[in-house]
Amino acid sequence: MSVHKEIKKVTTNVLQEMKRSGEKISMLTAYDYTMARIVDSAGIDVLLVGDSASNVMAGHETTLPITLDQMIYHASSVVRAVNRALIIVDLPFGTYQGNSKEALNSSIKIMKESGAHAVKLEGGMEVTESIQRILTAGIPVMGHLGLTPQSIYKFGTYTVRAKEELEAKKLIEDAHALEKAGCFAIVLEKIPAKLAEQVAKELTIPVIGIGAGGGVDGQVLVFHDMVGLNNEFNPRFLRRYLNLYEEIQGAVKSYITDVKSKDFPNANEQY
Ligand code: KIV
């Protein structure tokens with residue numbers, strides 16, 4: 001079902017309407033102009049300029065090293081490519097935690113310098129003051145609970161979160177706190193499907209899942225993972241739609257062979 005295909009620009013209100021009408025929200029990450037153009041033209045609802053750029057674009061082990069200026073560079077490239085999708089930008093590690101004034105300033109800088117439509121931040125009750133302060137500037141905020149990669153050194157591993165009752169209870173309380181603070185939507189990452197479904201039922205705002213089952217209001221994947229550009233990351237929740245790693249490697253091997261054998265360029269490929 002796609003009742004909102006005719007929408008020219010996806011807004012936070014459109015996402016809310018999708019939740020109300022039962023239409024699932026589609027979301028992918030994007031970090032550059034060329035890929036964002038293709039993904040937007042295919043009709044994606046939401047593009048997340050995720051701090052996963054730190055991993056997939058820059059090759060860092062975690063999301064912690066990416067800077068505000070680097071996120072703005074990626075976001076402004078995506079903004080130039082997109083006509084329809086709502087564009088959300090991750091507030092990177094160290095630009096909002098523990099300081100709501102800094103959270104506001106970081107968000108204003110992202111919105112002013114990239115032209116994106118909203119920001120996302122990780123955490124529960126501990127970030128509600130920052131969310132409320134960012135909202136005073138009219139900037140929509142998305143929350144993120146469950147496996148929050150900016151806290152990887154607190155967790156120690158990337159395994160499923162909130163399997164135990166105590167952590168599940170805390171996650172439900174945090175989700176309600178984010179909604180109350182004014183988030184227009186939240187992401188739930190790598191938690192049991194039943195818990196995610198319960199959260200989606202209890203909240204009135206859209207809940208987007210990654211590794212959180214099908215009972216939520218929409219799905220997000222990292223673009224590089226779903227098109228198989230990265231063949232080392234194989235979590236259970238990932239569905240690969242292409243195997244671009246091997247496709248591109250094969251194409252490059254053919255090119256090298258053609259250059260070495262003097263097959264390329266041929267008579268029609270020169271002036
Ligand atoms: O940075 C990112 O890609 C994310 C998604 C995994 C939701 O936050």
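Closest approach of Pro192 and Val160 over heavy atoms only: CD-CG1, 4.0 Å. Here the closest heavy-atom approach between residue Tyr245 and residue Leu229 is recorded as CD1-O, 3.3 Å. Looking at every heavy atom in both residues, Gln270 comes nearest to Pro265 through NE2-O, 4.1 Å. Minimum interatomic distance between Thr62 and Ser54 (heavy atoms only, all atoms of both residues): O-OG, 2.8 Å.
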Side chain to side chain contact (heavy atoms under 4.5 Å, CB included) between Val216 and Ile208: does it pass, once the steps are laid out? CA-CA 6 Å; Val216 289; Ile208 315 287; over 6 Å; no

Take Val119 and Ile139 through the side chain to side chain contact (heavy atoms under 4.5 Å, CB included) test and state the conclusion after the steps. CA-CA 7 Å; Val119 297; Ile139 301 170; 4.1 Å; yes

Thr148 vs Glu189, side chain to side chain contact (heavy atoms under 4.5 Å, CB included): CA-CA, chis, key distance, verdict: CA-CA 7 Å; Thr148 46; Glu189 181 165 354; over 6 Å; no

Given side-chain hydrogen bond (donor to acceptor under 3.5 Å, both in side chains), test Asn234 with Arg240 step by step and report yes or no. CA-CA 9 Å; Asn234 293 300; Arg240 273 213 182 89; 3.0 Å; yes

Test side chain to side chain contact (heavy atoms under 4.5 Å, CB included) on Phe264 and Thr257; report intermediate values, then the result. CA-CA 9 Å; Phe264 177 79; Thr257 303; over 6 Å; no

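Side-chain N or O atoms of Thr11 include one that pairs as donor or acceptor with a backbone N or O of Val14 at under 3.5 Å. Put simply, the side chain of Asp51 never gets that close to the backbone of Asp90: no donor and acceptor are under 3.5 Å apart.
The only option from Val220, Leu86, Val10, Leu15 that meets the side chain to side chain contact (heavy atoms under 4.5 Å, CB included) definition with Ile25 turns out to be Leu15.
Classification of Asp45 and Arg84 as a salt-bridged pair holds, one side-chain N sitting under 4.0 Å from a carboxylate O.
In this structure, Ile110 and Leu68 have side chains that are in contact, with non-hydrogen atoms separated by less than 4.5 Å. At least one side-chain heavy atom of Leu171 sits under 4.5 Å from a side-chain heavy atom of Val199. Leu242 places none of its side-chain heavy atoms less than 4.5 Å from the side chain of Met226. Residues Pro149 and His144 have side chains in contact (heavy-atom distance under 4.5 Å, counting atoms from C-beta outward).
In this structure, the side chain to side chain donor-acceptor pair (under 3.5 Å) partners of Lys169, at least two apart in sequence or on a different chain, are Glu173.
No hydrogens or angles considered: nothing links the side chains of Gln97 and Glu126 as a donor-acceptor pair under 3.5 Å. Residues Asp32 and Ser77 have side chains that never bring a donor and an acceptor to within less than 3.5 angstrom of each other. Side-chain contact check for Ser100 and Glu129: at least one donor-acceptor pair (N or O, by modelled atom type) lies under 3.5 Å. Defined by atom type and a distance below 3.5 Å, a donor-acceptor pair is present between the side-chain atoms of Gln150 and Tyr96.
A distance below 6.0 Å separates the ring centres of Tyr31 and His224.
Counting only residues at least two apart or on different chains, the side chain to side chain donor-acceptor pair (under 3.5 Å) pairs with a member in residues 198-215 are His176-Glu202, Glu179-Thr204, Glu197-Lys201, Gln198-Glu202.
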